[in-house]
Amino acid sequence: MPDKVQRVKGVNDILPAEVRQWQALETIIQNVMAGYAYGEIRPPIFEKTDLFARGVGEDTDIVSKEMYTFSDMGGLSLTLRPELTAGVVRSYIQNNLQQVSPVQKLWYEGPMFRQERPQKGRYRQFWQLGAEAIGSPNPEQDVEIIDLFYALLRELGIEKSVTLKINSVGDSESRAAYRSALRDYLMPQLNKLSETSRNRFESNPLRILDSKAPNDREIIKNAPKIRDCLNESSAAHYEEVLAMLDKMVIPYFQDDLLVRGLDYYTHTIFEFTSDALGAQDAICGGGRYNDLVKELGGSDVPAIGWASGIERLLLVVDAIKPLSTDPVLDLFLVVTGSDLRTETPGIIRNWRSAGLSCDADTLRRSMKAQMREANRQGARYVAILGEDEFSQGVVQLKNFESGKQTTVAIEKVAEVIIKDA
Ligand code: ATP
Ligand code: MG
């Protein structure tokens, strides 16, 4: 026997029953996005490696160790997208979206790829939902995009199981001041830090705050706070964001140690976490990235965005308030009498085009087996068609829920069922 081919480690098959949950979520997402006037964008799944090296940052975990990078036949280095902010910004610049409107509000959903150690809530192919608002530097834009994700949580009925953590990393002047304050604090204890953190001391000391190593966490606890290093305009921006969140009664927690793993953030950064999840508790992360458009060759345009892991979002939804999905099948046609086999495809085709979801047996099974199949599929109705019925142009229509059975003309079946819904 040939070996069974197994799927690659860390990726998932999303099977039909699950896809129905995803689609229920996607319907809610589409409604929320339309309500906030965000337009969907679908950039490619792979880009030139250079885009991520420049856009995400060479020093990040993503670029330094998680990317799926390969050469195409022309020797060009390509990478499966590990995130989509860089791709959206590349697309924004390349398609001159700035000319379309001064503020571009975009959302996306699709698979991302990162070579990480697979575990619950952490996969090598996973899906992200994301939103980016490109064009406005003002706090009201920060608040709108945070409120956008909060609105989605509310629609899903899970907002109470989720915590919003927020911080500001300020503008580049504030970050420079903080980097030096942080280095001064860490310098005397450098040898006690983990190797990863020691390596980051020169290149990117802010990332040390992100360390999960217990020893590092002890040291970090008493580190100076970035909040105390914000210059006047950065502090004012942050205060305004918080004041507006208060006004909108969006609960948040100021997390002085929050830094996000990507290099491009400025000012407001935030994360939504859920205690319904285990170690991988972040369901959404985002922040302002005022320099990225310029750094990728566009004009000096500020932006802010977030990305959320759909698998993790669904884990929370399943734990708190599972999405209900509609029954799949309206009608199953049960045929007795083998002479009718040639008639049935045309009959169900007509019901289908009248708007019903219908199925019928193609294995030439017994009536009993057909009834069982109808049941298994959760059909709302069965239509029983025998030689007698066919000669009169009718079926016996049985409502599975009420058990009621009536004789209905074949061409009236769709009408009767639709009226009954
Ligand atoms: P984490 O701290 O879990 O590694 P991250 O900071 O790398 O997250 P982002 O790059 O901000 O995550 O991505 C945004 C969201 O995408 C995360 O909050 C999470 O919900 C989801 N996500 C990230 N990596 C994975 C993964 N490997 N598998 C599943 N979901 C993921
Ligand atoms: Mg990560």
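Order of appearance sets the numbers: ligands from 1, and atoms from 1 within every ligand.
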Is it true that, when you exclude Phe400 itself, more than 12 heavy atoms of the residues, nucleotides or ligands shown sit nearer than 6.0 Å to its CZ? yes

Taking NZ in Lys105 as the centre, count heavy atoms belonging to other residues, nucleotides or ligands within less than 6.0 Å. Is the count above 12?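 Above 12, so yes.
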
Of [options], which has the heavy atom at the shortest distance from [atom]?
atom	options	result
atom 10 (O) of ligand 1	Arg114, Gln128, Met112	Arg114
atom 17 (C) of ligand 1	Gly10, Ala282, Ala279, Gly286	Ala282
atom 29 (C) of ligand 1	Gly121, Pro82, Gly309	Gly121

Against ligand 1, does Glu311 come closer than 4.0 Å with any heavy atom? no

Report yes or no: does Arg122 have a heavy atom closer than 4.0 Å to ligand 1?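 Right, Arg122 reaches ligand 1.
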
For [X], counting its heavy atoms only, list the atoms of ligand 1 lying under 4.0 Å from any of them.
X	answer
Ile283	18 (O), 20 (O)
Arg260	6 (O), 9 (P), 11 (O)
Cys284	18 (O)

Exercise: do His237 and Asp171 side chains pair donor with acceptor under 3.5 Å: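 No donor-acceptor contact under 3.5 Å links the two side chains.
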
Salt-bridge test for Asp147 and Arg154: reply yes if a basic N is under 4.0 Å from a carboxylate O, no otherwise.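 Looking at Asp147 and Arg154, the cut-off is met.
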
Salt-bridge test for Arg114 and Asp61: reply yes if a basic N is under 4.0 Å from a carboxylate O, no otherwise. no

Does any N or O atom in Glu271 lie less than 3.5 angstrom from one in ligand 1, N or O only? no

Review item, side-chain donor-acceptor pairs of residues 294-304, under 3.5 Å, at least two apart:
from: Ser299; atom 1: OG; to: Gln98; atom 2: OE1; distance (Å): 2.8

Could you give the side-chain donor-acceptor pairs of residues 189-197 under 3.5 Å, partners two or more places apart or in another chain?
from: Gln189; atom 1: NE2; to: Tyr185; atom 2: O; distance (Å): 3.3
from: Ser194; atom 1: OG; to: Ser197; atom 2: N; distance (Å): 3.3
from: Ser194; atom 1: OG; to: Ser197; atom 2: OG; distance (Å): 3.2
from: Ser194; atom 1: OG; to: Asp216; atom 2: OD2; distance (Å): 2.7
from: Ser197; atom 1: OG; to: Asp216; atom 2: OD2; distance (Å): 2.7

